[in-house]
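Computed from heavy atoms alone, side chains included, the values below leave out hydrogens, waters and symmetry copies.
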Amino acid sequence: MSEPTDRLAARLLAGERLTAPEFAALVAHPEPARDEMLRKAAVERRKAGYGSAVFVRGLIEISSICKNDCLYCGIRCGNPNAERYRLTPEEILRCAEEGYVLGFRTFVLQGGEDPFFTDEILVPLIETLKTRFPDCAVTLSLGERSRDSYQTLFDAGADRYLLRHETATKAHYEKLHPASMSFEHRMQCLRELREIGYQVGAGFMVGSPFQTAEDLGRDLAFLQAFQPEMCGIGPFIPHRDTPFRDFPAGTLELTLRLLSILRLACPNVLLPATTALGTIDPQGRERGILAGANVVMPNLSPVSVRKKYALYEGKICTGEESAQCRDCLAARMRAIGYEIVVDRGDCASIAAQSTQWKIEN
Ligand code: 5AD
Ligand code: FES
């Protein structure tokens with residue numbers, strides 16, 4: 001193993017902060033022995049916070065209509081081939097009803113930035129969800145909104161908000177998004193969500209076009225400083241109807257390495273083994289859990305709309321009923337020694353525990 005990067009790995013294991021260039025050096029120099037050591041340490045740390053429990057989130061994809069034109073995304077407004085739909089509040093409640101019976105205690109309402117979903121529509125929906133399912137968390141993933149709107153939705157009972165930062169490098173952000181979107185506003189939204197009191201989820205795509213090790217270093221340094229409660233990372237997967245159709249997908253290996261590093265940099269973070277990871281490799285979600293992830297997000301959307309919520313090509317689980325996905329994932333997790341639990345799955349506080357961890361190697 002190369003000396004300087006080994007020292008960086010040791011400092012990460014000791015709970016120290018690394019700078020963006022230091023994270024970049026760790027990312028840029030893959031080394032099987034060290035990667036395996038980081039993976040084992042990440043699993044140990046995840047077990048200290050969460051044991052072998054895997055939290056599930058029921059993902060309800062409420063709208064494929066989006067006013068934005070992100071260059072990577074299959075539901076960008078500039079894609080005339082995208083099939084558009086939006087669920088009614090009644091349909092969303094039915095998905096949650098089905099999910100509750102299946103053991104879900106978190107519902108994630110995710111969608112494009114669809115102007116239909118105003119606060120006037122969302123407030124009664126969130127209130128109904130919280131009244132009908134008082135033991136459940138409601139997570140929103142509806143993109144950039146005003147501070148007032150975030151506050152109103154929080155006051156209505158929303159617990160968590162997922163808004164991937166996408167990249168912590170302004171110049172890179174500008175290569176992935178049209179001029180109408182801004183890096184500063186994205187970061188401002190994340191800060192506001194945190195100030196309002198949401199449990200906040202950030203995240204980024206692995207292997208997105210033009211991404212460098214330096215960019216990933218900045219992502220990791222940002223995440224270590226921001227300490228989001230949740231962090232979604234998954235491989236970029238090209239979509240044929242986007243300007244990025246000819247770029248290669250992110251790799252399994254790099255995504256797994258980043259999951260382990262993130263687990264060490266943010267010990268308690270809720271880290272999903274994403275559907276995108278399961279899409280690029282049949283064992284992707286299992287490998288994600290075995291790299292330090294502790295969340296899976298099966299789909300609760302009606303099967304009739306699932307293929308239409310196509311952010312990227314080849315998405316798995318678009319033909320299965322919710323119960324099938326739940327059972328499939330439960331079996332997959334059991335096969336690797338983990339157990340899906342019926343729980344809201346809040347972020348653990350193991351702050352009292354030592355930051356020194358034994359390195360198994
Ligand atoms: N490949 C992988 N992930 C994507 N996302 C959007 N488009 C793609 C793609 N082509 C991710 C973005 C977004 C999240 C909801 O899905 O990071 O924040
Ligand atoms: Fe959906 Fe396996 S999780 S079919």
Side-chain angles (χ1 to χ4, degrees), residues 55-68 70 73 75 85-97 99-100 104-166 181 185-204 226 228-232 269-270 272 274-275 295 297-301 305 309 311 344-347:
F55 296 137
V56 275
R57 294 13 182 143
L59 185 64
I60 308 176
E61 296 154 333
I62 68 171
S63 175
S64 70
I65 296 168
C66 190
K67 66 175 165 63
N68 288 335
C70 305
C73 186
I75 64 166
Y85 73 90
R86 72 166 61 102
L87 300 182
T88 63
E90 293 68 35
E91 287 173 312
I92 296 168
L93 287 167
R94 273 202 296 280
C95 293
E97 196 81 55
Y100 190 87
F104 290 89
R105 295 296 177 266
T106 290
F107 303 116
V108 182
L109 310 190
Q110 188 179 87
E113 290 191 19
D114 177 354
F116 171 80
F117 283 100
T118 56
D119 295 351
E120 289 67 35
I121 299 281
L122 287 168
V123 164
L125 175 61
I126 294 165
E127 286 172 348
T128 310
L129 282 168
K130 294 295 289 188
T131 312
R132 265 199 221 169
F133 312 106
D135 52 341
C136 292
V138 170
T139 305
L140 303 177
S141 179
L142 300 171
E144 297 180 22
R145 303 174 75 91
S146 69
R147 187 188 177 113
D148 271 2
S149 170
Y150 287 147
Q151 183 71 58
T152 302
L153 302 178
F154 182 76
D155 294 342
D159 302 275
R160 310 181 184 138
Y161 205 103
L162 306 178
L163 183 72
R164 289 188 177 182
H165 65 285
E166 309 297 359
M181 294 177 73
H185 192 253
R186 194 75 171 182
M187 289 296 181
Q188 183 189 324
C189 287
L190 281 169
R191 273 194 305 276
E192 290 172 351
L193 289 163
R194 163 68 51 85
E195 282 165 15
I196 289 168
Y198 282 98
Q199 296 171 40
V200 180
F204 60 92
F226 187 68
E229 280 76 18
M230 300 151 306
C231 186
V269 74
L270 293 159
T274 57
T275 305
V295 174
M297 299 178 69
N299 205 315
L300 281 184
S301 308
V305 304
Y309 196 77
L311 308 185
R344 274 171 54 114
D346 285 303
C347 193

Any side-chain donor near an acceptor of the partner, N299 and S301, under 3.5 Å =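 There is such a pair between these side chains.
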Determine whether E192 and L163 make a side-chain contact, defined as any pair of heavy atoms from C-beta on separated by less than 4.5 Å.
->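 Heavy-atom side-chain distance check fails, nothing below 4.5 Å.
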State, yes or no, whether a side-chain contact exists between L153 and D119 at a heavy-atom distance under 4.5 Å.
->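 Yes, side chains in contact.
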Quick one: list whatever passes side chain to side chain donor-acceptor pair (under 3.5 Å) with R132, sequence neighbours left out.
->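 By the side chain to side chain donor-acceptor pair (under 3.5 Å) rule, R132 matches E97.
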Contact summary for [X] and [Y], nearest pair of heavy atoms:
X    : Y    : value
A202 : H165 : CB-ND1, 3.7 Å
C231 : G203 : SG-CA, 3.8 Å
L129 : A96  : CD2-CB, 3.6 Å
L190 : F226 : O-CZ, 3.8 Å
L142 : I62  : CD2-CD1, 3.6 Å
A156 : E127 : O-CG, 3.6 Å

Identify which one of I60, I92, V56, V108 satisfies the side chain to side chain contact (heavy atoms under 4.5 Å, CB included) criterion when paired with L300.
->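 By the side chain to side chain contact (heavy atoms under 4.5 Å, CB included) criterion, L300 pairs with just one of I60, I92, V56, V108: I60.
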Please say which of E195, R191, Q188 ends up in a side chain to side chain contact (heavy atoms under 4.5 Å, CB included) with R147.
->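 Of the listed options, the one satisfying the test is E195.
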Given the rule in the side chain to side chain contact (heavy atoms under 4.5 Å, CB included) test, do L311 and E61 qualify, once you have shown the distances and angles that lead to the verdict?
-> CA-CA 11 Å; L311 308 185; E61 296 154 333; over 6 Å; no
Could you tell me which residues satisfy side chain to side chain contact (heavy atoms under 4.5 Å, CB included) with P89, sequence neighbours excluded, listed by chain and number?
->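 Result, side chain to side chain contact (heavy atoms under 4.5 Å, CB included) vs P89: I121, L125.
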Can you tell me how far [atom2] of [Y] sits from [atom1] of [X], rounded to the nearest 0.5 angstrom?
X    : Y    : atom1 : atom2 : result
R105 : R57  : CZ    : CZ    : 13.0 Å
L162 : M230 : CG    : CE    : 5.0 Å
T152 : E120 : OG1   : CD    : 8.5 Å
C73  : E166 : SG    : CD    : 9.0 Å
S149 : L122 : OG    : CG    : 7.5 Å

Please name all residues satisfying ring pair (Phe, Tyr, Trp, His ring centres under 6.0 Å) with Y150, sequence neighbours left out, ordered by chain then number.
->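 Y150 satisfies ring pair (Phe, Tyr, Trp, His ring centres under 6.0 Å) with Y161 only.
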Sub-3.5 Å donor-acceptor pair from the side chain of [X] to the main-chain atoms of [Y], do we have one?
X    : Y    : answer
R164 : G232 : yes
R145 : C189 : no
K130 : C136 : yes
D159 : T139 : no

Between E229 and R160, does at least one N-O distance fall below 4.0 Å, as a salt bridge requires?
->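 Salt bridge between E229 and R160, a charged N being under 4.0 Å from a carboxylate O: no.
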Salt bridge present between R344 and D135 (N-O < 4.0 angstrom) =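 No.
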List the steps, then state whether side chain to side chain contact (heavy atoms under 4.5 Å, CB included) holds for F55 with L270.
-> CA-CA 9 Å; F55 296 137; L270 293 159; 3.7 Å; yes
What pairs meet the ring pair (Phe, Tyr, Trp, His ring centres under 6.0 Å) rule with one or both residues in residues 111-141, with sequence neighbours excluded?
->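 For residues 111-141: Y100-F133, F107-F133.
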Could you name each residue pair satisfying salt bridge (charged side-chain N to carboxylate O under 4.0 Å, His left out) that touches residues 106-116, not counting sequence neighbours?
->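 Every pair satisfying salt bridge (charged side-chain N to carboxylate O under 4.0 Å, His left out) with a residue in residues 106-116: K67-E113, R86-D114.
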With sequence neighbours left out, what residues match E91 under salt bridge (charged side-chain N to carboxylate O under 4.0 Å, His left out)?
->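 None.
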